[in-house]
Engineer: 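Dropping a structure here in structure tokens format, bear with me for questions.
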Amino acid sequence: MANMKKTLGLAALTTALMALPAFAADAPKLDAGDTAWMMTSSALVLFMTLPGLALFYGGMVRTKNMLSVLMQCSLITGLVMVLWTLYGYSMAFGETSGALAPYWGGLGKAFLHGVSMNSVSGTIPEYVFFVFQMTFAVITPALIIGAFVERVKLSGLMLFVGLWVTFVYFPIAHMVWGGDGLFFAKGAMDFAGGTVVHINAGIAGFVGCLVIGKRIGYGKENMAPHSVTMTMIGASILWVGWFGFNAGSALAANGTAGLAMINTFIATGAALLSWSATEALVRGKASMLGAASGMVAGLVAITPACGFVGPIGGLILGLLVSPICFFFVTTVKSKFGYDDSLDVFGVHCVGGIVGALFTGIFAAASLGGVGYAEGQTMGGQFMVQVEAVVTTLIWSGVGSFILYKIADAVFGMRVDADSEREGLDITSHGEVAYHY
Amino acid sequence: MANMKKTLGLAALTTALMALPAFAADAPKLDAGDTAWMMTSSALVLFMTLPGLALFYGGMVRTKNMLSVLMQCSLITGLVMVLWTLYGYSMAFGETSGALAPYWGGLGKAFLHGVSMNSVSGTIPEYVFFVFQMTFAVITPALIIGAFVERVKLSGLMLFVGLWVTFVYFPIAHMVWGGDGLFFAKGAMDFAGGTVVHINAGIAGFVGCLVIGKRIGYGKENMAPHSVTMTMIGASILWVGWFGFNAGSALAANGTAGLAMINTFIATGAALLSWSATEALVRGKASMLGAASGMVAGLVAITPACGFVGPIGGLILGLLVSPICFFFVTTVKSKFGYDDSLDVFGVHCVGGIVGALFTGIFAAASLGGVGYAEGQTMGGQFMVQVEAVVTTLIWSGVGSFILYKIADAVFGMRVDADSEREGLDITSHGEVAYHY
Amino acid sequence: MANMKKTLGLAALTTALMALPAFAADAPKLDAGDTAWMMTSSALVLFMTLPGLALFYGGMVRTKNMLSVLMQCSLITGLVMVLWTLYGYSMAFGETSGALAPYWGGLGKAFLHGVSMNSVSGTIPEYVFFVFQMTFAVITPALIIGAFVERVKLSGLMLFVGLWVTFVYFPIAHMVWGGDGLFFAKGAMDFAGGTVVHINAGIAGFVGCLVIGKRIGYGKENMAPHSVTMTMIGASILWVGWFGFNAGSALAANGTAGLAMINTFIATGAALLSWSATEALVRGKASMLGAASGMVAGLVAITPACGFVGPIGGLILGLLVSPICFFFVTTVKSKFGYDDSLDVFGVHCVGGIVGALFTGIFAAASLGGVGYAEGQTMGGQFMVQVEAVVTTLIWSGVGSFILYKIADAVFGMRVDADSEREGLDITSHGEVAYHY
Amino acid sequence: MKLIIAAIKPFKLEEVREALTAIGVRGMMVTEIKGFGSQSGHTEIYRGAEYAVNFVPKVKLEIVVSDGLADQVVETIQTTAKTDKIGDGKIFVLDVASAVRVRTGETNEDAL
Amino acid sequence: MKLIIAAIKPFKLEEVREALTAIGVRGMMVTEIKGFGSQSGHTEIYRGAEYAVNFVPKVKLEIVVSDGLADQVVETIQTTAKTDKIGDGKIFVLDVASAVRVRTGETNEDAL
Amino acid sequence: MKLIIAAIKPFKLEEVREALTAIGVRGMMVTEIKGFGSQSGHTEIYRGAEYAVNFVPKVKLEIVVSDGLADQVVETIQTTAKTDKIGDGKIFVLDVASAVRVRTGETNEDAL
Ligand SMILES: Nc1ncnc2c1ncn2[C@@H]1O[C@H](COP(=O)(O)OP(=O)(O)O)[C@@H](O)[C@H]1O
Ligand SMILES: Nc1ncnc2c1ncn2[C@@H]1O[C@H](COP(=O)(O)OP(=O)(O)O)[C@@H](O)[C@H]1O
Ligand SMILES: Nc1ncnc2c1ncn2[C@@H]1O[C@H](COP(=O)(O)OP(=O)(O)O)[C@@H](O)[C@H]1O
């Protein structure tokens with residue numbers, strides 16, 4: 001998301017942004033309207049994870065694993081909130097000096113040290129800024145699990161998540177969003193976290209499904225979603241919540257938020273349509289699961305772009321992303337045979353990359369976008385975007401691999417075969433989802 | 001919804017409204033509080049359609065058609081968003097001159113031409129005004145499908161919806177809400193779209209179920225709702241989302257929005273109770289499906305009234321509407337034998353008419369309402385309301401009939417008998433909703 | 001919730017609060033940002049009841065009683081809204097004089113007499129204040145039903161609820177929140193209604209399950225939740241909606257709201273984790289139902305505390321509450337053998353008491369809280385909290401007992417054994433929840 | 001006594017039940033089953049994965065009747081459940097050694 | 001060997017299973033069924049539409065036992081499942097020609 | 001003709017169906033059941049309440065074949081469904097008196 005400093009940085013270069021009243025004020029002062037919107041946005045982003053993402057994913061697994069998915073999302077939520085409070089916020093948004101300053105924010109704000117009810121961040125209470133950012137830290141690792149549900153071991157997963165947010169997410173968040181962060185200087189455009197959240201989680205999931213291996217019976221047994229209804233509810237909630245994610249990333253209720261919002265509507269509607277159209281062309285029938293996948297693909301792709309591209313750019317981006325993701329979740333996945341169970345890679349990583357790259361293009365003022373920083377060209381910006389994507393893929397890919405191995409060595413990352421057969425709900429949680 | 005011009009027009013006549021600070025400002029200037037509320041409202045109205053309406057309807061069909069309902073709502077959402085962006089917004093809210101100006105807004109704002117991040121509409125970004133209005137355009141055709149689910153053909157339906165929004169919805173929206181619109185001059189009171197949305201969709205659905213015909217087995221086989229739970233979830237989400245629909249129609253976070261909100265609470269609670277009381281009296285038992293129906297009936301009836309009548313007027317309107325709708329969905333429907341499967345006519349059209357007519361009465365200052373335009377009497381206003389209702393019924397009824405026939409000729413509006421028996425989920429979408 | 005007067009009262013004593021701009025203004029004037037937040041909050045609290053609480057509870061009962069739970073929540077919503085409009089608001093927030101003034105607000109505002117679109121309460125329309133408070137009055141009796149679902153008789157329940165809000169809830173709300181209320185003078189700290197809502201409902205439920213008796217087959221037959229998925233959805237919605245409940249209780253979008261919000265996030269995340277950890281330690285497995293219970297326990301405990309304690313205090317409170325509630329719903333309940341079916345006592349009453357008492361401790365400025373009123377000490381405040389808790393337990397416990405007996409004498413509070421066996425959905429409502 | 005087992009199309013259940021009641025059948029057990037036979041199933045596709053579902057939803061009736069009534073029951077089912085389309089179902093008849101009514105302990109034909 | 005088929009009230013399942021275990025039954029198959037009999041169903045109304053549901057939820061047990069045990073099984077079910085109310089259920093006994101245990105290939109009484 | 005009733009592990013269904021098709025079985029009825037046997041169930045805990053679930057999900061096949069095919073069907077099921085773990089299931093064979101195809105009225109072996 002565009003934190004204050006970042007937005008101010010870009011604003012200096014973009015006349016459009018300078019006209020907004022919010023930026024006219026010199027000394028930051030709490031604004032009730034902005035605060036209202038950011039509290040709403042924070043609630044919306046939590047809503048995305050619980051129950052949004054949990055249902056989107058949960059609907060796609062078999063009944064016997066439903067609760068394990070809901071539970072993994074819930075526990076990740078609790079764990080990351082606690083870690084964020086203890087040191088995560090400080091690592092990501094604290095300020096430190098010295099050689100490590102580009103990589104983390106230090107521990108100065110650990111345990112919310114020095115932050116009070118009267119602390120203000122931009123025009124909103126710092127507490128609200130804290131929770132808004134926290135909801136991003138929560139959903140990112142929750143996204144990862146889609147790649148290896150139905151077989152992952154809970155203790156190993158929780159250890160992995162604790163390590164991953166500490167060594168991958170918090171540092172990357174600092175590098176991208178922290179005013180003195182490493183990537184910030186390079187001028188990569190990522191309005192609401194396409195890189196930090198989606199590419200990051202997508203590649204971590206991909207590595208995870210390779211490390212953990214395929215489900216027993218994969219490709220042979222029927223692994224049809226146990227409730228496409230739940231998946232549709234989840235996707236819809238994701239859409240609604242994503243307005244908080246994207247328009248909330250303006251950190252104010254202003255014209256930029258309005259731009260992020262209109263894009264989050266139009267690109268998603270377009271992606272929904274184009275996924276369905278692709279299915280109709282390729283298979284003769286458009287499925288609800290496809291439409292839900294299209295919604296999410298559109299949301300992912302517009303995330304980095306939503307505050308930079310114009311609505312027609314958003315529309316085109318939405319139309320483009322679905323066929324590309326469709327190609328990955330059908331052709332590419334089946335060709336290489338990895339079991340990325342709920343297509344975290346095919347939708348989040350690929351959709352995130354498509355979004356990041358096209359942001360570099362559609363941000364051009366000539367294409368209806370807000371324009372580039374002074375002196376930057378489309379080609380130049382595109383290369384910056386490529387660099388940001390590649391760096392994230394490598395950092396998160398390699399980091400995740402190491403952390404999976406550690407968690408695997410300590411607790412194991414996979415349940416035994418009998419438990420997998422019987423289902424994680426009974427074997428890991430001692431309960432079953434439905435008694436109709 | 002009360003667009004700026006309209007509200008200002010009424011405000012000139014109503015001292016109550018003149019007192020509001022929002023209207024004191026001369027030059028429109030972005031207000032963060034109003035923007036926060038309108039972004040929230042836009043998200044809420046999308047929430048009404050996905051997953052609200054989709055679940056409300058989907059719960060009432062048989063399992064084998066669940067996904068088809070969810071899918072129809074999703075695809076309509078995507079399609080109308082794209083059309084709204086391309087030309088719908090311009091047709092409805094653009095400005096044009098000449099003889100056709102009362103009927104449409106021209107194509108001056110097609111592709112969002114001339115609208116930028118800095119464009120302001122009232123006190124909110126025009127982008128936010130755009131998306132708020134878009135969510136209304138989305139839900140209206142989605143409401144229609146309830147009349148003929150479980151047998152409608154997807155391709156025919158999508159063609160119909162594309163034509164219908166273009167030739168029925170966008171023009172009516174312009175006529176009612178556009179400052180130079182035909183009906184606007186007549187002074188019809190419709191705060192949040194009872195006419196444009198509910199009567200319009202209700203009559204279109206009614207014509208649709210007559211054109212398409214009854215479901216196979218209608219009246220003989222058990223067509224009980226496959227999940228009243230989903231219907232209840234959907235109705236609840238509709239209620240929550242409707243605060244965006246109604247209070248958002250004030251286009252600001254002010255006293256008028258507060259009035260719309262209190263009415264949306266009280267009328268709905270009253271209608272829920274009175275539907276249940278009616279059932280208890282007539283049948284000895286009050287059902288959850290009835291309570292959910294009552295909620296929706298109350299919401300529909302209060303829609304035109306919510307910014308004009310006082311809370312006690314709203315309470316009475318809520319108490320009245322349910323028994324009337326109950327009479328239509330039970331006695332009238334079974335007497336005439338049409339298969340309006342989910343009672344789009346009986347709830348939306350009838351409820352909308354009840355609301356429109358009583359708005360003309362309860363708006364009287366003597367009855368706690370905001371009062372009429374200068375020189376208008378209760379009788380006079382009532383006749384204006386009747387005229388608006390009848391005009392909409394005819395325009396939409398006839399227009400829809402023609403468009404159904406066109407869509408039927410091109411793609412067909414109904415699936416074949418075997419597909420209907422087997423269920424649309426498998427035959428139209430190649431998937432099934434549940435694998436428990 | 002902290003109504004204006006109360007907050008002002010405390011503010012006078014607390015330098016921290018005095019710094020907030022909202023309190024600098026002399027004459028109350030409508031603020032669009034505050035209004036936006038309070039309308040959002042009102043919608044969120046309705047969302048908590050419908051469908052949040054209804055699903056949280058409904059998922060835990062057997063299929064045959066699902067609709068009865070949804071229906072009880074719905075009917076209570078409608079009934080309390082109507083009563084609140086007729087006289088409840090006046091009783092709770094009206095102003096009267098004389099000896100009874102500490103106990104009720106009179107009938108001066110019955111039927112919303114004297115309240116108009118232009119009435120302002122603090123910085124928001126009084127209509128919005130009205131609906132926000134109404135949503136609290138709605139959810140409290142709905143909470144009670146969890147103690148005796150699956151056997152309660154609808155007519156008796158509705159009579160009980162009507163009596164209960166009139167003679168227990170409205171007076172207690174006045175005593176606690178009314179500026180001239182009895183308890184107000186004593187200085188009890190209860191930010192968002194831990195006493196009025198949770199302890200109050202919890203003890204009423206407890207008395208109810210004793211009066212009504214155990215379910216047939218309790219302890220012998222399998223009474224496993226019919227859908228833990230629905231319970232998880234409900235708990236998640238409760239969490240999201242609770243931001244309206246807690247942060248909305250600041251009645252403005254300011255730093256206090258931000259504090260309430262951060263606590264509502266962190267305490268809940270911590271409680272979710274600590275319930276799961278407790279289960280893992282005691283039983284070897286952490287369940288989804290447990291995590292959902294932990295969420296709710298955390299939300300309940302933080303309710304009185306959220307505007308007074310610091311985030312680390314909130315974190316610790318969250319960690320503490322779950323093991324205590326766990327002990328009550330497992331050991332204590334099975335030891336005494338009462339059938340508090342969905343643990344209204346064990347979670348809401350016990351959690352509410354834990355929250356109320358710890359509020360008295362963690363509010364200390366030395367522990368990161370906002371500090372006590374001038375001259376108050378930690379020990380002194382703790383005793384005030386104890387007194388408030390005990391008074392509520394007695395008032396509500398005794399009052400509820402009498403009202404159950406009246407309702408039982410008039411209509412009966414329990415269905416006959418055959419109806420209970422067959423399930424309330426068919427026997428009380430004439431429908432069944434699912435036809436898969 | 002005979003046990004008659006029939007697999008029929010689900011939407012025919014109500015009609016068959018009425019027809020059987022008319023000829024004096026007083027009880028039966030009905031189960032939702034997945035039928036496999038010459039009627040082909042359908043294909044479901046979820047993202048990349050394609051599943052051929054070879055089973056078709058059917059309803060199974062199990063009816064115990066006296067020997068005398070058995071033929072008539074079989075015939076009634078056959079004529080009522082028939083739609084002349086593939087997948088209409090099958091009827092099987094087995095011998096029953098004895099029957100008991102739980103409520104009264106009555107046995108054999110008295111138990112039906 | 002005999003196949004004993006019983007339709008009983010669902011809430012009696014656990015009790016019956018325990019009673020049967022006590023007399024030496026070591027296996028059974030349990031199916032949720034819709035029962036039709038003299039116990040009447042109920043009416044559901046959804047908005048205008050009224051549906052008479054003639055079926056009542058029952059549980060069907062299928063148990064194969066040696067001939068020697070069969071009578072005792074029938075009696076145990078009858079006495080345990082009995083509530084003296086209409087709809088308590090029926091028990092039918094059929095002859096079984098042979099039995100096999102999948103895991104070991106053991107046959108007939110050894111397979112049970 | 002024989003009625004072959006088999007209770008097997010659910011994930012073996014597809015494999016068994018294919019194996020049976022290969023030897024000429026052209027139809028069957030499949031039901032999801034709860035099995036009780038030596039394979040133990042599991043325990044579920046919901047807040048305070050602990051439930052021992054003694055049943056294990058199984059799939060029941062019912063197949064009517066000509067007498068000649070019966071042995072081969074039993075053998076095929078036995079070898080295909082076998083995993084050598086407890087709970088693999090049972091196969092029972094009963095005599096069938098007659099069969100009818102609903103669509104055509106064909107009887108006995110012609111009906112299969
Ligand atoms: N040999 C069999 N044993 C048991 N059930 C059978 C057998 N053959 C068919 N059935 C049942 O009868 C149903 C209809 O059979 P099918 O072969 O599809 O159609 P038809 O009877 O019209 O030729 C199947 O779905 C299955 O449930
Ligand atoms: N002739 C029959 N064949 C098969 N099952 C039967 C038969 N008669 C009754 N049943 C089963 O037994 C159950 C109980 O029978 P019912 O006639 O209602 O009660 P009762 O046995 O007390 O007279 C029915 O619901 C049905 O499942
Ligand atoms: N006597 C029986 N009658 C009917 N079904 C049985 C019987 N014994 C076992 N079954 C069925 O076979 C399944 C497997 O039996 P079980 O005893 O668990 O394993 P195994 O056959 O490997 O010893 C059971 O779940 C049950 O469905």
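Here is how names work: the chains are called A, B, and so on, in the same order as the sequence lines, proteins then strands, and each is numbered from 1. Computation of the quantities below employed the complete heavy-atom set of this structure, encompassing side-chain atoms and omitting hydrogens, waters and symmetry-equivalent molecules.
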Engineer: Mind listing the closest non-hydrogen atom pair of B:Ala253 and C:Ala36 along with its distance?
Structural biologist: CB-N, 3.8 Å

Engineer: Let me know if C:Leu154 has heavy atoms under 4.5 Å from chain B in its side chain, its backbone, both or neither.
Structural biologist: neither

Engineer: Provide the closest heavy-atom pair for C:Leu50 versus B:Val240 in the form atom of the first, atom of the second, distance.
Structural biologist: O-CG2, 4.1 Å

Engineer: With a 4.5 angstrom heavy-atom cut-off, could you sort out which part of C:Pro125 is near chain B: side chain, backbone, both or neither?
Structural biologist: side chain

Engineer: Contact part of B:Ala257 toward chain C, heavy-atom cut-off under 4.5 Å: side chain, backbone, both or neither?
Structural biologist: both

Engineer: Taking B:Pro225, B:Gly368, B:Ala291 one by one, which has the highest count of heavy-atom pairs under 4.5 Å against chain C?
Structural biologist: B:Pro225

Engineer: Identify which part of B:Leu315 has an atom lying under 4.5 Å from any heavy atom of chain C, answering side chain, backbone, both or neither.
Structural biologist: side chain

Engineer: Checking C:Met39 against chain B: side chain, backbone, both or neither under 4.5 Å from a heavy atom?
Structural biologist: both

Engineer: So what's closer than 4.5 Å to chain B heavy atoms on C:Val80: side chain, backbone, both or neither?
Structural biologist: neither

Engineer: Under 4.5 Å heavy-atom distance to chain C, tell me which part of B:Ser276 shows up: side chain, backbone, both or neither.
Structural biologist: side chain

Engineer: Examine whether an atom of B:Ser287 lies under 4.5 Å from a heavy atom of chain C, and if so say whether it belongs to the side chain, the backbone or both; otherwise answer neither.
Structural biologist: both

Engineer: In terms of heavy-atom pairs under 4.5 Å with chain C, which of B:Ile312, B:Ile262, B:Val228 leads?
Structural biologist: B:Ile262

Engineer: Please state whether the side chain, the backbone, both or neither of C:Ser42 comes within less than 4.5 Å of a heavy atom of chain B.
Structural biologist: both

Engineer: Indicate yes or no for a side-chain donor-acceptor contact from B:Thr63 to the backbone of C:His435 under 3.5 Å, with no hydrogens or angles considered.
Structural biologist: yes

Engineer: Let me know if C:Met81 has heavy atoms under 4.5 Å from chain B in its side chain, its backbone, both or neither.
Structural biologist: side chain

Engineer: Could you grab the distance from atom CE of B:Met288 to atom NE2 of C:His429, nearest 0.5 Å is fine?
Structural biologist: 9.0 Å

Engineer: Check each atom of B:Phe243 against the heavy atoms of chain C and say whether the ones under 4.5 Å are side chain, backbone, both or neither.
Structural biologist: side chain

Engineer: Output the option from C:Ala54, C:Gly78, C:Ser68 having the highest count of non-hydrogen pairs under 4.5 Å with chain B.
Structural biologist: C:Gly78

Engineer: Relative to chain C, which segment of B:Met38 carries a heavy atom at a distance below 4.5 Å: side chain, backbone, both, or neither?
Structural biologist: neither

Engineer: Below 4.5 Å from any heavy atom of chain C, which atoms of B:Ala286 appear? Answer side chain, backbone, both or neither.
Structural biologist: both

Engineer: Determine the minimum heavy-atom distance between C:Leu30 and B:Gly255, stating which atoms define it.
Structural biologist: CD1-N, 4.2 Å

Engineer: Between C:Ile237, C:Thr49, C:Thr427, which residue shows the highest count of heavy-atom pairs closer than 4.5 Å to chain B?
Structural biologist: C:Thr427

Engineer: Which region of C:Leu83, side chain (C-beta onward) or backbone (N, CA, C, O), has a non-hydrogen atom less than 4.5 Å from a non-hydrogen atom of chain B, or is it both or neither?
Structural biologist: neither

Engineer: For B:Met230, is it the side chain, the backbone, both, or neither that has a heavy atom closer than 4.5 Å to a heavy atom of chain C?
Structural biologist: side chain

Engineer: How long is the straight-line distance from CZ of B:Phe265 back to OG1 of C:Thr85, given to the nearest 0.5 Å?
Structural biologist: 11.0 Å

Engineer: Which heavy atom of B:Thr229 sits nearest to which heavy atom of C:Leu67, and what is that distance?
Structural biologist: N-CD2, 4.3 Å

Engineer: Can you tell which part of C:Tyr434 gets under 4.5 Å to a heavy atom of chain B, answering side chain, backbone, both or neither?
Structural biologist: both

Engineer: Between C:Gly430, C:Ser74, C:Gly33, which residue shows the highest count of heavy-atom pairs closer than 4.5 Å to chain B?
Structural biologist: C:Ser74

Engineer: Mind ranking C:Ile124, C:Thr77, C:Leu79, C:Val128 by heavy-atom pairs under 4.5 Å with chain B and telling me who comes out on top?
Structural biologist: C:Leu79

Engineer: Please classify the contact of B:Leu289 with chain C as side chain, backbone, both or neither, using a heavy-atom distance under 4.5 Å.
Structural biologist: both

